[in-house]
Amino acid sequence: MVSSSFDSVPARSRPMATIQEHFLFVTDPMQSHIDPARRLAVRVAAAMPNARVTFSTAVSGHRDMFPHLTSPDGEVVQGVVSYIPYSDGFDGGFKFNPAEAHGVGAGAYRERAREVGSETLASVVARLARRGHPVTRVVYTALVGWVPAVARAHGVPAALYWVKPATVFAVYYHYFHGHGALLDSSCCASDVADPHAAAVVRLPGLPPLKADALPSLASMASPGSRNYLTLDMLRDIFVALDEHTPTVLVDTFDALEPEALRAVPRFNLVAVGPVVVEEPCRPCVELFQPNDATAYVDWLDTKPARSVVFVSLGSVLSLSKRQDEELRRGLEATGRPYLLVARKGNNGGGGGQGMVVEWCNQTKVLSHGAVGCFVTHCRWDSTLESITGGVPMVAVPRWADQPTVAALVEASAGVGVRAWVDGDGVVGRGELRRCVEMVMGSTDSASAVRARAECWGQRAKEAAAVGGTSQRNLRAFASGL
């Protein structure tokens, strides 16, 4: 890793007629957006070896990625990508808690992030131009909807990188374009005693969706919800998209979501995933990784093929005490070895058959031959990692668009089952055991799930490989075709 102050790198002169392609990736400081955007940046660099690629996230995210820098906000060059932060006005990080009177409100964050971010990112773009490396293309993620205005002010085209399924893009689009009342009422109607009796919702261009497969839009629309900020920022994104109709890069592949990719004809949705597949010979530098995190790999190496239940239910929402207890009891009841990722302070011993860790390299775990099942909260990048690894899933969606991802896992791809919760939103130990057996057991139906998972894993790798559909799509975009 080489670091330097932003202005210390000398400009290089060259004829204006040979201006080099220069891609600037911009994202918010959330790790769930940084990781897939960083991977896409590396893939663009591999697709365009003569281009420059710069990655910019907010200062707080930059500091999390590179905690040992002498100059914590300085530029970092790693491999084929340069990392240069902008400020969103919350360099120490942003914590939104509507229950606390002293907390920063969602609206205040959005307005300050737009104002400060626009100014500081414009400064980044201007300094790059002064170096002799003007930005020629901007790629941004969904929660920095102010970025296209900065790009336009510098005469640079911008493309949205959508790090969720194309199906979710289409659902949100219809929510903001005349179907909001239908989707709100359908979400409320999905809260029924029998989940299999949920109503069916039909949206233009999409296959029928059960109401329990929709994002939790009604709760997101509540001003007191932790998701209210997300929904408000998504609204800004679609307003900007309506005005400028840019290209939308989607972390999916054609075979997985063929209808959804064409469900909103006014936009050019381009499948460039699964981005979790690393570019051959151009590996991404691992970020957010503790130096001593190797014991779990050694542990996995001792287990038989496809024998381990891997469990990770996210780091944003903590598990209730009861859910944590039911989860651990359910895992023990399976009689299978398990690897459980638990938040700090909630990571007691795993018992005789399990291992509990605070962190792991999820991509590495899901590509390990010992893992036979992934119990997941259905964040999209995690789901794609599991699909690519050919690992069946037990879906435990918790919020936002995760129910839609769970439907893609169970109903569309057929590579897993969804675990159902009780009235308190808890997955019981018996339900967890039942679901694990449905994908890891000896029945014909479990064997069929595993076979489909293996098949989809191969199709995912083929899409991202040299000459595959997503790789061709990405090259065409990067080349300006």
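Please read these numbers as outputs of a predicted model, since none were measured by experiment. Sequential numbering from 1 along the given sequence is applied to the chain's residues.
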At what distance, to the nearest 0.5 angstrom, does CG of Leu327 lie from CG of Leu432? 6.0 Å
In terms of side-chain geometry, is the basic nitrogen of Asp324 or Lys321 positioned less than 4.0 Å from the acidic oxygen of its partner? no
Regarding Arg39 and Thr363, do their side chains bring together a donor and an acceptor under 3.5 Å, going by distance alone? yes
Parallel, tilted or perpendicular, as decided by the 30° and 60° cut-offs, for the rings of Phe176 and Phe238: tilted
CA sep, side-chain torsions, deciding dist, call: Tyr140, Ile237, side chain to side chain contact (heavy atoms under 4.5 Å, CB included): CA-CA 11 Å; Tyr140 65 101; Ile237 282 287; 3.8 Å; yes
I'd like to know if Asp236 pairs up with Arg110 as an ion pair, taking the criterion as any Lys NZ or Arg NE/NH1/NH2 lying under 4.0 Å from an Asp or Glu carboxylate oxygen. yes
Whether Arg38 engages the ring of Tyr83 as a cation-pi pair (distance to the six-membered ring centre under 6.0 angstrom, angle to the ring normal within 45°) should be assessed. no
Tell me whether Glu454 at atom CD has more than 12 heavy atoms from other residues, nucleotides or ligands lying less than 6.0 Å away. no
With distance as the sole criterion, is a donor-acceptor pair present between the side chains of Thr469 and Arg472 under 3.5 Å? no
For atom CG of Asp444, decide whether the heavy atoms of other residues, nucleotides or ligands shown that lie under 6.0 angstrom number more than 12. no
I want to know whether Trp162 and Tyr173 have ring centres closer than 6.0 Å. no
Measure across Asp381 and Ser32 and return the closest heavy-atom pair with its distance rounded to 0.1 Å. OD2-O, 4.3 Å
Testing the basics here: between Leu182 and Arg202, what is the closest heavy-atom pair and its distance to 0.1 Å? CD2-O, 4.4 Å
Do the side chains of Arg379 and Glu385 get close enough for a salt bridge, i.e. N-O under 4.0 angstrom? no
Which atoms form the tightest heavy-atom contact between Ala37 and Phe55, and what is the distance? C-CE1, 3.5 Å
Do the charged groups of Glu332 and Arg329 touch, with an N to O distance under 4.0 Å? no
Closest non-hydrogen atoms of Glu257 and Pro165, given as atom of the first, atom of the second and distance, are OE2-CB, 3.4 Å
Could you measure the distance from the CG atom of Leu234 to the CZ atom of Phe169? Nearest 0.5 Å is fine. 10.5 Å
In this structure, are over 12 heavy atoms from other groups packed under 6.0 Å from Arg433 atom CZ? no
Do you know the tightest heavy-atom contact between Ser386 and Pro392? OG-O, 4.3 Å
Lys/Arg N to Asp/Glu carboxylate O, Asp422 vs Arg322, below 4.0 Å: yes
Looking at Tyr109 and Pro29, what are the two nearest heavy atoms and their distance? OH-CD, 4.5 Å
